[in-house]
Amino acid sequence: MSIQPARTRFAPSPTGHLHLGGARTALYAYLLAKKTGGQFILRIEDTDLKRTVSGAEQEIMDGLHWLGLNYDEGPDIGGPHGPYRQTERREIYQTHAKTLVDNGHAYPCFCTPERLEKVRQEQMKNKENPHYDGTCRNLEPDEAAKRIASGEAYTIRFKMPHDGVTVAQDHLRGDITIENKQLNDQVILKTDGLPTYHLAAMVDDHEMKITHVMRGSEWLGTFPLHVNIVRAFGWDEPTWVHLSVFLKPSGKGKMSKREAADAMKDGYSIFVKDMQDLGFTPEGVLNWCGLMGWGVAEDDVMTVEQMLDRFTIDSLTPSPAAINFQKLDHFNATHIRLLTTEDLAARLKPYFTREGLNVNDDVLLKIIPLIRERLTTLDDCISFGAFFFKDEVSPVSDELIAKGLDAKQSAEIARKAYEILAAQPDVSHERCEPPFREYVEASGFNAGQVFGVLRVAVTGQKVSPPLFESMEIIGRDVCLKRIQNAIAILEKM
RNA sequence: GCCCCCAUCGUCUAGUGGACUAGGACGCGGCCCUUUCAAGGCCACGACCGGGGUUCGAAUCCCCGUGGGGGCACCA
């Protein structure tokens, strides 16, 4: 069976940070396009000048690139159906709006925002549904033309049928039927000459030959309107896929500013821009949010390649999904373990550097196998590996005292450790461990006590990667120096 | 208030009328491994929202409730 190449698009507004929901929408669109040998397009929907945030567009592009969701056409790279920024497509929308007016599917409206607001208040007071009252719907074309010519400000409204129903087909939910009288005559072209989403998105999706429109389910309410607009133009409809929304971790309501702040407090974020700083990998983030709203029966740890293999729009789910950050940890850790040593080293280096540590690349490569399966996030490398790159460590004196022992006994262990180590020609872990085992046998101290003192002395911390392997990398001289320092601390107690 | 959508373990989900003793993953609990912390292995706990139908048979189809979500702008 041959598959038609799909053209998909991610079409965000540059009004804020790129968030998880957007990342997932982009991922699915990317997956579908790549899987079918089609194109994935980035389009910037910046028609609301008041809400446009400077820098937001760049953040979107950076976020997509970081995730590896590279688009084939977009505002910065162009393409055959550009421009890809809606503010640069003004005339296209105006032409199309005029077409709709000419064929009776739309009309100019001279109602002021103030009047509209008054009407709305009135309707609410009368317990009516807020809706446009249709004042300009039946204006004589001549009069309308006269008012336009006189310079009166106007919008263009889409003329929804009053009777009957509109049936729109969503790929995940089937037919969605709504009575036309529920729909409003929405503004499709604003007084500033720019279109609203309803017109802009429909025109662009058609002009850009989009085959599958994937967007958030918040558009379900205006979906029938959109279908009517497309039909008014006489265009073929794309396949519509309305993705479920992400709910806050409690499952009650969608993410809000408050939850975003709470997440940040716990070391998580709903914004793509924060993910790298927090130590998350694109692989982990993609796998994690890709699985919220996508049913995969088993083996759900997937690289993008594997997702490509398995992705179908039929396996997407229509119900809302609660965000679960613990699962992000899991996927992130799993993908870290999947990375090659060289790759992981390159990704870890910036985190060490960020801490002001001087990274020796050979050492870095050597410690990867020791810390890899201990990392949940990339920045965990600091707590597990910073001591490899420090000239000296500063153990907490209390931690140098082994469990069940006192300072004097711990000092005794440290002195003996120094002695054993000093006697070794090298500190390979194969060579070092046996004499320490013998000491444990002979001394009457248990392994936990002996290795505990040594661990804190050498690494400066109670939790560390495997001790002898670590010592081997640190080197004998530095180890001896650190043990000496520990002895000094213990003797002072 | 009105409209639309959704509904399987705590969470993400598999399931498309018999293969369901409802499967997987995360988390949680236990055990094994173990010098710490992890990783790994094994085991356990844990769900079809309720009520009516349809059918020989329903998690699966229909209706009604209930719950949840989204929308009702010259915002997207």
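Every chain is numbered from 1 and lettered A, B, ... according to where its sequence line falls, protein lines coming before strand lines.
Among the protein residues, A/Ser244 comes within range of no part of the nucleic acid, since none of its heavy atoms lies under 4.0 Å from any strand. Nucleic acid contact for A/Pro14: none, since no nucleic acid atom lies under 4.0 Å from a heavy atom of the residue. At the heavy-atom level, A/Asp48 lies under 4.0 Å from the strands shown only through sugar-phosphate atoms. No engagement by A/Trp288 is indicated, since no non-hydrogen atom pair under 4.0 Å with the nucleic acid exists. Across all strands shown, A/Gly452 has no heavy atoms under 4.0 Å from either base or sugar-phosphate atoms. At the heavy-atom level, A/Thr196 lies under 4.0 Å from the strands shown only through sugar-phosphate atoms. Among the heavy atoms of the strands lying under 4.0 Å from A/Pro465 is at least one base atom, whether or not backbone atoms are also near. Across all strands, A/Lys327 comes closer than 4.0 Å to base atoms (heavy-atom distances). Counting non-hydrogen atoms under 4.0 angstrom, A/Thr317 reaches the backbone sugars and phosphates but no base. No engagement by A/Cys109 is indicated, since no non-hydrogen atom pair under 4.0 Å with the nucleic acid exists. As judged by a 4.0 angstrom heavy-atom cut-off over every strand, A/Thr155 is placed among the base-contacting residues. A/Leu467 comes within 4.0 angstrom of a base, heavy atoms only. Among the atoms of the strands shown, base atoms are found under 4.0 Å from some heavy atom of A/Arg437.
Judged by Watson-Crick or G-U wobble contacts below 3.5 Å, the nucleotide B/C26 has B/G10 as its partner. The partner of B/G18 is B/C56, by the rule that a Watson-Crick or G-U pair needs both atom distances under 3.5 Å. The nucleotide B/U34 finds no pairing partner, because no Watson-Crick or G-U wobble arrangement with both distances shorter than 3.5 Å includes it. Under the Watson-Crick or G-U wobble criterion, with both distances below 3.5 Å, B/G1 is paired with B/C72.
In this structure, A/Ile176 and A/Gly448 both approach RNA chain B, and ranking their closest nucleotides by distance from the 5' end singles out A/Ile176. If you find the closest nucleotide of RNA chain B to A/Thr177 and to A/Glu469, the one lying nearer the 5' end belongs to A/Thr177.
To the nearest angstrom, P of B/G68 lies 19 Å from CD1 of A/Ile323. Atom CZ of A/Arg173 is separated from atom C1' of B/G70 by 10 Å (rounded to the nearest Å). B/G70 atom C1' lies 17 Å from atom CE of A/Met255, rounded to whole Å. Between A/Glu218 atom CD and B/G70 atom C1' the separation is 8 Å, expressed in whole Å. In this entry the distance linking CG of A/Leu225 with P of B/A76 reads 13 Å, nearest Å. To the nearest angstrom, P of B/C5 lies 18 Å from NZ of A/Lys254. Note: CG (A/Leu243) to C1' (B/C12) measures 15 Å, nearest angstrom. For the pair A/Leu328 CG and B/C26 P, the computed distance is 14 Å after rounding to whole Å.
When the C1' atom is compared between B/C6 and B/U13, the two are found 15 Å apart, to the nearest whole Å. Taking the P atoms as reference points, B/C62 lies 15 Å from B/U54, given to the whole Å. Comparing B/A59 with B/U8, their C1' atoms are spaced 7 Å from each other, to the whole Å. B/C9 sits 15 Å from B/C20 when the C1' atoms are compared, rounded to a whole Å. When the C1' atom is compared between B/U21 and B/C4, the two are found 39 Å apart, to the nearest whole Å. On the C1' atoms, B/A14 is 11 Å away from B/A25, given to the nearest whole Å. For the P atoms, the distance from B/G70 to B/C12 is 14 Å, rounded to whole Å. Atom C1' of B/C48 sits at a distance of 13 Å from the matching atom of B/G23, rounded to the whole Å.
Of the residues in residues 369-387 of chain A, those with a non-hydrogen atom less than 4.0 angstrom from any atom of RNA chain B are A/Glu373, A/Arg374, A/Phe384. The stretch residues 184-193 of chain A touches RNA chain B through A/Val187, A/Lys190, A/Thr191, each having a heavy atom under 4.0 angstrom from the strand.
A salt bridge does not link A/Glu259 to A/Lys265: none of the charged side-chain nitrogens sits closer than 4.0 Å to a carboxylate oxygen. Ion pair A/Lys159/A/Asp185 not flagged as a salt bridge, since none of the NZ, NE, NH1 or NH2 atoms sits closer than 4.0 Å to an Asp/Glu carboxylate oxygen. Electrostatic pairing of A/Asp205 and A/Arg9 counts as a salt bridge here, judged by a charged N lying under 4.0 Å from a carboxylate O. The pair A/Asp380-A/Arg374 does not meet the salt-bridge criterion, since no charged nitrogen lies less than 4.0 angstrom from a carboxylate oxygen. Ion pairing between a basic and an acidic side chain is recognised when a charged N comes within 4.0 Å of a carboxylate O; A/Arg115 and A/Asp133 show such pairing.
Summarising the geometry of A/Leu421 relative to A/Cys479, their closest heavy-atom pair is CD2-CB, 3.7 Å, with the distance given to 0.1 Å. When all heavy atoms of A/Ile156 and A/Pro108 are compared, the pair lying nearest together is CD1-CA, 4.3 Å. A/Asp343 approaches A/Leu339 most closely through the heavy-atom pair OD2-CG, 3.8 Å.
Out of B/G1, B/G10, B/C6, the shortest distance to the side chain of A/Asn324 is found at B/G10. When the nucleotides B/A76, B/U13, B/C26 are ranked by their closest atom to the side chain of A/Ala321, B/U13 comes out on top. Set against B/C12, B/U36, B/C5, the side chain of A/Pro466 has B/U36 as its closest nucleotide.
Contact annotation: the side chain of A/Gln121 approaches that of A/Glu117 to within less than 4.5 Å [non-hydrogen atoms, C-beta and beyond].
The ring of A/His242 has its center closer than 6.0 angstrom to the ring center of A/Phe223.
At least one cation-pi condition fails for A/Arg43 and A/Tyr84: the charged atom is not both under 6.0 angstrom from the six-membered ring centre and inside a 45 degree cone around its axis. Annotation: cation-pi geometry satisfied between A/Arg157 and A/Tyr132 (NZ/CZ under 6.0 angstrom from ring centroid, within 45° of ring axis).
For the OP1/OP2 pair of B/C74 and a distance below 4.0 Å, the side-chain nitrogens and oxygens of A/Arg157 include at least one atom meeting the criterion. The phosphate of B/A38 has neither OP1 nor OP2 within less than 4.0 Å of any side-chain N or O from A/Arg337.
Atom OH in A/Tyr154 sits 14.5 Å away from atom OH in A/Tyr107 (nearest 0.5 Å).
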